[in-house]
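Structure record follows, encoded as structure tokens.
Being a predicted model, the structure only gives us computed values, none of them experimental.
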4 protein chains.
Amino acid sequence: MQPASPALDDAPERARRTRRKEARPGELLEAALALFVEKGFAATRVEEVAARAGVSKGTLFLYFASKEELFKAVVRENASRHLTEALRELDGFAGASSDLLREFLRRWWLLYGGTPAAGLTKLMLIEATHFPELAHWFQDEVVQPSHALLRRIVQRGIDRGEFRPVDVPRVVHLIVAPLVQMVTWRLTLGHCCPYTHEDQPMALIELHADMLIRGLTP
Amino acid sequence: MQPASPALDDAPERARRTRRKEARPGELLEAALALFVEKGFAATRVEEVAARAGVSKGTLFLYFASKEELFKAVVRENASRHLTEALRELDGFAGASSDLLREFLRRWWLLYGGTPAAGLTKLMLIEATHFPELAHWFQDEVVQPSHALLRRIVQRGIDRGEFRPVDVPRVVHLIVAPLVQMVTWRLTLGHCCPYTHEDQPMALIELHADMLIRGLTP
Amino acid sequence: MQPASPALDDAPERARRTRRKEARPGELLEAALALFVEKGFAATRVEEVAARAGVSKGTLFLYFASKEELFKAVVRENASRHLTEALRELDGFAGASSDLLREFLRRWWLLYGGTPAAGLTKLMLIEATHFPELAHWFQDEVVQPSHALLRRIVQRGIDRGEFRPVDVPRVVHLIVAPLVQMVTWRLTLGHCCPYTHEDQPMALIELHADMLIRGLTP
Amino acid sequence: MQPASPALDDAPERARRTRRKEARPGELLEAALALFVEKGFAATRVEEVAARAGVSKGTLFLYFASKEELFKAVVRENASRHLTEALRELDGFAGASSDLLREFLRRWWLLYGGTPAAGLTKLMLIEATHFPELAHWFQDEVVQPSHALLRRIVQRGIDRGEFRPVDVPRVVHLIVAPLVQMVTWRLTLGHCCPYTHEDQPMALIELHADMLIRGLTP
DNA sequence: TATGAATGAGACTTCATTCAT
DNA sequence: TATGAATGAAGTCTCATTCAT
């Protein structure tokens, strides 16, 4: 009776088929990242991922042998790129350790925590049980380097007499926790519980830096 | 015609069934909590839950109309019980605000963070997207009361001149974040990455209190 | 508007569900044998097998973990039962070797070649490439024992001077070939090409015996 | 707008393409014969066929409208060529009928049974159910002419008093069965069960002729 | 003519849910 | 109340076929 969807003709269909092969994996990874972060591995359907990337179900399997391989690729692709290199520049920092720490926190949010790639952190927290070897890899490639950098920053402060002596690894956990928390909150409860104070993330970052520096001052 | 299996002696069977029938829902909820926390909602099979509770798949549906209802019951059952009442006693605390804050952190870990019920926090972080109304309820029933208590504690310190003036809601987030983080870490990466410093949780709690109090001191 | 299928009420539905568990595997194996023989492994759909056994698709997987396992069960179940034991009694035969040979041929057709189990022979011929280990097992369990028995029969005839000396293993192949051929023909071309002379199989068996005995007479 | 990839030098590509375009169908048929014989129709993927023929999947569909058409072409192409013409010369044979029969068997193996084209026999046995009209055609074009020739040979022997009177069509089946069996065995169990006595096929042929002639002698 | 990226129907398999016992 | 066999919708993955280049 009524035409099912009169807007659909096959012109866009044709256009879609023509798109270049090299862009596909990236588009699929981007779509998969968003959906895996939003719904978890098990609750995400490959057809959704394909649809969000603008391709059909079958096309996804042209590039990734299985849903699991897609997941692993999502993690590996996004993890190695963003976080580590963004922070590595801080190694050459010259100046007060308190400024270095504050700079670390700012950069972390700007270059990672506030970007879609931060979804990885939530993803690994959720799926670590199902992908143990991937969790280990994530620890080695992402978590440990970040923590190591932070340990060097804190230790530098102590060595230069700017920070009081503390248990460095534990302090690092206290530095990291609110960052991770901000990400997780934004990606989960943020959707439905808008009254959390995440609308000005940098203000929270600054307060965190403030509290930490006071807490570390001799 | 011929009786299906008259030889089967169902006397011991009956004994087992009647053993503790009013305990069933509790056993099922306990099993479901553990599995939902470990694997998430979608990846947990109701048959597993039933098996862990020592009953058959069909029995589970006698007590819970669906997997979703089971999940909601798990959250509601565990949430209302543990956290809020455990902390409410602190409202009558008399003494230094720094001691009050430290006491809060200790109790939080002992009465909630270190118990199986803490899995709820991880669970809600993961599944909030799928159960928005449940997430709201969790916010109202669990998160907001805890935060409100903490706001009162911090405000008390400021009012009494023990703490410097700060943005109270944001500080509360900084207080809570490491607690949530400890729970999440223990329940996820803890499985596979044992070198995190979670073996002495109270030491981290004490350091956290220490840093916070220094950070809040005028 | 109009009821979808008014003839369907749920009485037979109920009846079906009630059927005894022990009968299921047998019914499924029987259905699977017929379909695998008719269409081969790849072209047979599990849903067809289930439908022919009067159950749903899911039920099949209650009893067989996968389509491959179903196939293996079909082969193993039917192979060991029928052929070998049927022929083993001939070992004690007393009398002329020509009668023994003739008796072998008759029994082979009556107890195996003419029954549904003979489909196994066609099945293994077709699927040996896909299930090599199963093919080996079939050789060891079914083919070799039969050939060994035939070798003993021919050798007995030679030893007693009733048969002329011949290459025994090769003669065994010549004895077996028409039998296998009769089975294969009946199950394949028989469907569509009715003018082959399979309507009186025993007449062909008798002629075969006749030709063989003449061919073996000194 | 912008050319997709102008940097790609497609000159050698062109050379390969034009190399032997009229040879394509033949190469595809050859590849398809081998794979259909090895794995059956359903389990053979057109991509495999194309790859074995050294072309892409799309090219295959330039020459054959569908997988089914490819299959039919394989059968028709190979069937009409090899067998019938090879045997037709025997019609003019002058000499003893036993020699004629022996010669038939030898030629059959040399010109058909031992060649890749013999795979057709296995193929038709397996797929006759799925391609009934093809099976009929095969009967008419291949099986019937061969059987007719054999019937003439046997009848000639009887008429000339060289063979005893027998049921001619049935004897023809007994003549053919070991031949078909040799082919089938070689192409299936031969892969995995090397202890069958197919390493000297002509010795089996000779023994078969020997047995037949003795069996037919008055 | 040849390609190979893209499609989507259809296969196998899982699992929440039902129901006769 | 408890069971567990049975169901079938829904998911992952395959592969014959199409089509723009």
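Residues satisfying the side chain to side chain contact (heavy atoms under 4.5 Å, CB included) test with B:L70, not counting sequence neighbours, are B:L29, B:A32, B:F36, B:V49, B:L60, B:F64, B:V74. Partners of B:E48 by side chain to side chain contact (heavy atoms under 4.5 Å, CB included), not counting sequence neighbours, listed by chain and number: B:L35, B:K39, B:R45. Residues passing the side chain to side chain contact (heavy atoms under 4.5 Å, CB included) test with A:E68 are A:F41, A:S66, A:K72, A:F131, sequence neighbours excluded.
The A:Y63 side chain lies nearest to E:dA5 when the options are E:dA5, F:dG8, E:dT3.
The two atoms that bring B:L187 and B:G119 nearest to each other are CD1-CA, 3.5 Å, heavy atoms only. Closest approach of C:K67 to C:A42, counting heavy atoms only: NZ-O, 3.6 Å.
Test D:L123, D:T44, D:L33 against D:F71 for side-chain contact (heavy atoms from CB on, under 4.5 Å) and you get one pass: D:L123.
Between the CD atom of B:E27 and the C1' atom of F:dT1 there is a distance of 14 Å, given to the nearest Å.
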Given Watson-Crick and G-U pairs under 3.5 Å, DNA chain E in dot-bracket ([ ] crossing, | other strand) is .||||||||||||||||||||
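Other residues, nucleotides and ligands contribute over 12 non-hydrogen atoms within 6.0 Å of the CD atom of A:E69.
Applying the side-chain hydrogen bond (donor to acceptor under 3.5 Å, both in side chains) test to pairs two or more places apart or on separate chains, those with a residue in residues 51-62 of chain D are D:S56-D:T59.
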Readout for nucleotides 11-16 of chain E: B = base within 4.0 Å of protein heavy atom, S = sugar-phosphate only, - = neither; 5' to 3' it is SSBBSB
